Number of protein chains: 2
Amino acid sequence: MAMATLAQHQHSPDDTIHGHGLRMTGQRRAVYDVLMGERNHPTAVEVFTKVRGQVPNISLATVYNCLETLTDCGLVKIVTHERGPSRYCPNLEDHAHFFCDSCGEVSDLPLRARKRPQDVWEVPENITISHHQVAFRGECPKCAKKKNLKSEARNLKSK
Amino acid sequence: MAMATLAQHQHSPDDTIHGHGLRMTGQRRAVYDVLMGERNHPTAVEVFTKVRGQVPNISLATVYNCLETLTDCGLVKIVTHERGPSRYCPNLEDHAHFFCDSCGEVSDLPLRARKRPQDVWEVPENITISHHQVAFRGECPKCAKKKNLKSEARNLKSK
DNA sequence: AACTTAAATAGGAATTGTTCTTGATAAGGG
DNA sequence: CCCTTATCAAGAACAATTCCTATTTAAGTT
């Protein structure tokens, strides 16, 4: 019984794709596995080079197609940031993204419990909201630490 | 005395640009005026066609250059949304954007008083945030109303 | 006013990321 | 096994933006 309940909510990616009348092909699985493996928000080209290890003669266009079907089926989210290339994210929880300006790393920031974006921005009542995309930019802890070490070194030298 | 206080905080765009060691040229002024006139978040191409009315042989590259200098000087904000072309916004207040999926209209949503994005998303303490960009998608009131009228018409017909 | 120097511009070429097209391949259902 | 449709690889096409270069313009100096 517990299983039946689980099965309803926890579809395998195969089931989800089949539910959309499509097939789980080798290429699609490989692309999905790369995303699930590295949760680094890779670009299409990064997925492409990674996935070539598994499917040596997959084409970039196919990677784009796979990423599109996966997003259409709701298995993957597409993340855009300023003018850069799109990135892909298999985290289906509601979350924002943080982009480090110095190292380029992207990380997920979860939504706080019982909070909604509308609590912070004035959204008129008669507007229907279907999606939101939230991006923060700044400096990640690693880069901040590096910078501090450098300036310490400078101070020692100048003595 | 009041004037001196004002002058400190309320620079003219010319002063701001001069403060960056640059000049307020005819092209830059025309681009800035278009943005201040239509507050529709136009794309570079839309600015280009509009600005040609004032400066008939300005080039698209120059419009891009002007938009870049204006944003570098902090007079204009650049707004990106999914894979679409960048849009430009002279509203310097902290605000989010709403994109209507059916008519494409873009509107500003002000930040609520004494609220911060960090109130809604969990941002680790040791991350430094310099910018945030927030986009909502959905249906604007006008489009919702149109849709309702249409479905009413359908209902009448089917009787 | 002429001279000097650096900034700004127009026009077009080049680049980047993505989508489209086409013919070949493969897979599931009858 | 055949038929139909989905999928794929490869490369062409495309859209938005940036880069390049020769020319023009403006500001500050004599």
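All values below come from the heavy atoms of this structure, side chains included, with hydrogens, waters and symmetry mates left out. On a predicted model such as this, the values are computed, not experimentally measured, just so you know. Below, read A as the first sequence line, B as the second, and so on, with proteins coming before strands; counting in each chain starts at 1.
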I need the [atom1]-[atom2] distance between [X] and [N], as an integer number of Å.
X     : N      : atom1 : atom2 : answer
B:L67 : D:dT18 : CG    : C1'   : 13 Å
A:Y88 : C:dG17 : OH    : P     : 12 Å
A:R29 : C:dA27 : CZ    : P     : 14 Å
A:N65 : C:dT22 : CG    : C1'   : 13 Å
A:E82 : D:dT17 : CD    : C1'   : 15 Å
B:R87 : D:dT17 : CZ    : P     : 10 Å
A:M24 : C:dG28 : CE    : P     : 13 Å
A:L70 : D:dT7  : CG    : P     : 11 Å

| query | Would you say the side chain of A:Q133 lies within less than 4.5 Å of the side chain of A:T80, judging by non-hydrogen atoms? | reply |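 The answer is yes; the side chains approach within 4.5 Å.
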| said: Quick one, B:P13 and B:M24 - any side-chain contact, counting heavy atoms below 4.5 Å? | reply: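 When only atoms from C-beta onward are counted, B:M24 and B:P13 do touch, with a gap below 4.5 Å.
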Look at the side chain of [X] and decide which nucleotide, out of [options], has an atom nearest to it.
X     : options               : value
A:T25 : D:dA26, D:dC19, D:dC8 : D:dC8
A:T62 : C:dA10, D:dC8, D:dA16 : D:dC8
B:R83 : D:dT7, C:dT9, C:dG17  : C:dG17

| request: Determine whether more than 12 heavy atoms belonging to other residues, nucleotides or ligands lie under 6.0 Å from atom NZ of B:K77. | output: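 Yes, the 6.0 Å shell around NZ holds more than 12 heavy atoms from other groups.
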| Can you say whether the rings of B:F99 and B:H81 are parallel (under 30°), tilted (30 to 60°) or perpendicular (over 60°)? |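 If you compare the ring of B:F99 with that of B:H81, the planes turn out parallel.
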| request: Nearest-nucleotide wise, let me know which of B:R23 and B:L60 is further upstream toward the 5' end of DNA chain D. | output: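 Final value for this comparison: B:L60.
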| query | Mapping A:A61 and B:Y64 onto DNA chain D by nearest heavy atom, which one lands closer to the 5' end? | reply |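 By nearest-heavy-atom nucleotide position, the 5'-most residue is A:A61.
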| task | Ignoring backbone atoms, establish whether B:Q27 has a side-chain N or O less than 4.0 Å from OP1 or OP2 of D:dT25. | result |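 Indeed not, no polar side-chain atom of B:Q27 lies that close.
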| query | Going by number, which of residues 38-58 of chain A have a non-hydrogen atom under 4.0 Å from DNA chain C? | reply |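 Correct list: empty, so none.
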| field | Backbone of A:R23 reached by a side-chain donor or acceptor of A:R28 within 3.5 Å | value |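 Flag set: sc A:R28 to bb A:R23 pair under 3.5 Å.
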| said: Tell me whether A:R29 is salt-bridged to A:D14, with the criterion being a basic N under 4.0 Å from an acidic carboxylate O. | reply: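 Salt bridge between A:R29 and A:D14, a charged N being under 4.0 Å from a carboxylate O: yes.
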